[in-house]
Amino acid sequence: MSTIQGTSSAPAAPQPSATPAAQKDPALDLYEMIRDAREKAQAVRDKFQQIKPKTNYGDLPLEAYARLARAKRPAEVTAAAGFARRQIARLKAAKRQDPDSAKQIQAAITQLQKAVNRAGKKNRELEREKVAKARQEKLAQEHRTREAQRQRQELRRKQAARMLRESGYIREAEIDKRMQGQIAATDLELRKQAQSLSAAYPPSAEAVAQQYAADSAPPAAPSGEELNLQA
């Protein structure tokens, strides 16, 4: 009896190992894309901030109050108020274009609005001073010397009080400008620290993937609708 010898099967060829690209976690790819996009956006912002000159918004109220203090006639007071109103309109537009300086801009707008109101008050005071001066001159013409001197002293006292008050407006604007500068410097430092912490402790790939899945999920059906599971 002849023995039948079975043919030995050839050894199986080794399977090619998976390429590094195939082994790479898709969540890591997503995280890297998000990180690259953030880095590019930050680089563009940094470049823009270097090119764009920093506007000192606190100078505008100072200029408005300086014009108001120099005004001697109602027409000049009205011109100072007009300057303040124009700057308010400009700052409202700048507030939309420069959100990082929104607090400084709003503080400058508030000071300029005060300048407009104070210009109206100064016009009323100038009108009363004009009436008081006319009364003084009439008393002098009538040889009522004592009353004329008393009227003149009262007028000078009111004018001195007004000028002192106007210099106080300028000091108020200067103090507010310094305070807003300190607040802006503090906010900038806090933003830098937050960016440093974000770069040092980036979100995990799992967290990024979960957020991506949540953003990509279809909207849930309204709670009022019921699903009919019967055939």
Side-chain angles (χ1 to χ4, degrees), residues 37-130 156-201:
R38 287 178 177 174
E39 289 177 353
K40 290 178 181 178
Q42 185 61 42
V44 172
R45 283 194 296 268
D46 292 342
K47 184 177 180 181
F48 178 72
Q49 290 295 333
Q50 293 173 0
I51 296 173
K52 185 179 67 173
K54 290 294 183 180
T55 302
N56 200 334
Y57 299 104
D59 289 339
L60 297 177
L62 284 173
E63 176 62 22
Y65 282 127
R67 294 188 180 201
L68 184 61
R70 291 194 302 266
K72 303 300 181 184
R73 296 186 296 273
E76 295 172 349
V77 176
T78 301
F83 171 82
R85 290 191 181 94
R86 290 193 299 273
Q87 302 315 309
I88 290 173
R90 288 179 55 192
L91 288 176
K92 286 181 177 179
K95 192 175 180 181
R96 295 189 294 269
Q97 300 171 1
D98 189 5
D100 291 339
S101 303
K103 292 180 181 179
Q104 289 178 280
I105 295 172
Q106 184 57 49
I109 290 174
T110 301
Q111 286 291 334
L112 288 167
Q113 289 172 338
K114 289 181 180 180
V116 172
N117 295 334
R118 288 163 174 172
K121 180 179 180 181
K122 181 168 183 176
N123 263 336
R124 293 190 295 272
E125 289 176 335
L126 289 177
E127 184 62 29
R128 287 194 292 267
E129 290 172 10
K130 181 180 178 181
R156 289 179 177 176
R157 185 188 64 80
K158 290 182 178 180
Q159 289 175 335
R162 173 175 56 77
M163 289 186 285
L164 182 62
R165 188 168 58 250
E166 290 170 358
S167 64
Y169 297 158
I170 297 176
R171 287 196 300 271
E172 174 189 323
E174 289 176 344
I175 292 172
D176 189 66
K177 175 185 173 182
R178 288 198 296 268
M179 287 179 58
Q180 294 303 322
Q182 293 173 358
I183 293 172
T186 302
D187 289 345
L188 178 60
E189 182 62 27
L190 290 175
R191 285 198 299 268
K192 288 182 179 179
Q193 292 179 5
Q195 291 174 357
S196 299
L197 289 174
S198 178
Y201 302 99

Under the ring-ring contact (aromatic ring centres under 6.0 Å, His included) test, residues paired with Tyr65 that sit two or more places apart: Tyr169
Closest non-hydrogen atom pair, [X] against [Y]:
X      : Y      : value
Leu68  : Ala115 : CD2-O, 4.2 Å
Arg70  : Glu76  : O-OE1, 4.0 Å
Ala107 : Asp176 : CB-OD2, 3.7 Å
Ala84  : Val116 : CB-CG2, 3.7 Å
Tyr57  : Asp98  : OH-OD2, 2.9 Å
Lys72  : Leu126 : O-CD1, 4.0 Å

Residue that, paired with Ile105, satisfies side-chain contact (heavy atoms from CB on, under 4.5 Å) out of Lys92, Lys95, Arg90: Lys95
Return yes when atom [atom1] of [X] has more than 12 non-hydrogen atoms of other residues, nucleotides or ligands closer than 6.0 Å, and no otherwise.
X      : atom1 : result
Arg156 : CZ    : no
Arg73  : CZ    : no
Arg162 : CZ    : yes

Nearest 0.5 angstrom please: [X] [atom1] to [Y] [atom2], how far?
X      : Y      : atom1 : atom2 : value
Ile175 : Ile170 : CD1   : CD1   : 12.5 Å
Leu62  : Arg171 : CG    : CZ    : 12.5 Å
Lys114 : Glu172 : NZ    : CD    : 4.5 Å
Glu129 : Gln159 : CD    : CD    : 4.5 Å
Gln104 : Asn56  : CD    : CG    : 7.5 Å
Glu127 : Glu125 : CD    : CD    : 12.0 Å

Contact between [X] and [Y] at the side-chain level, heavy atoms closer than 4.5 Å - yes or no?
X      : Y      : answer
Thr110 : Gln106 : yes
Arg128 : Lys158 : no
Gln180 : Gln111 : no

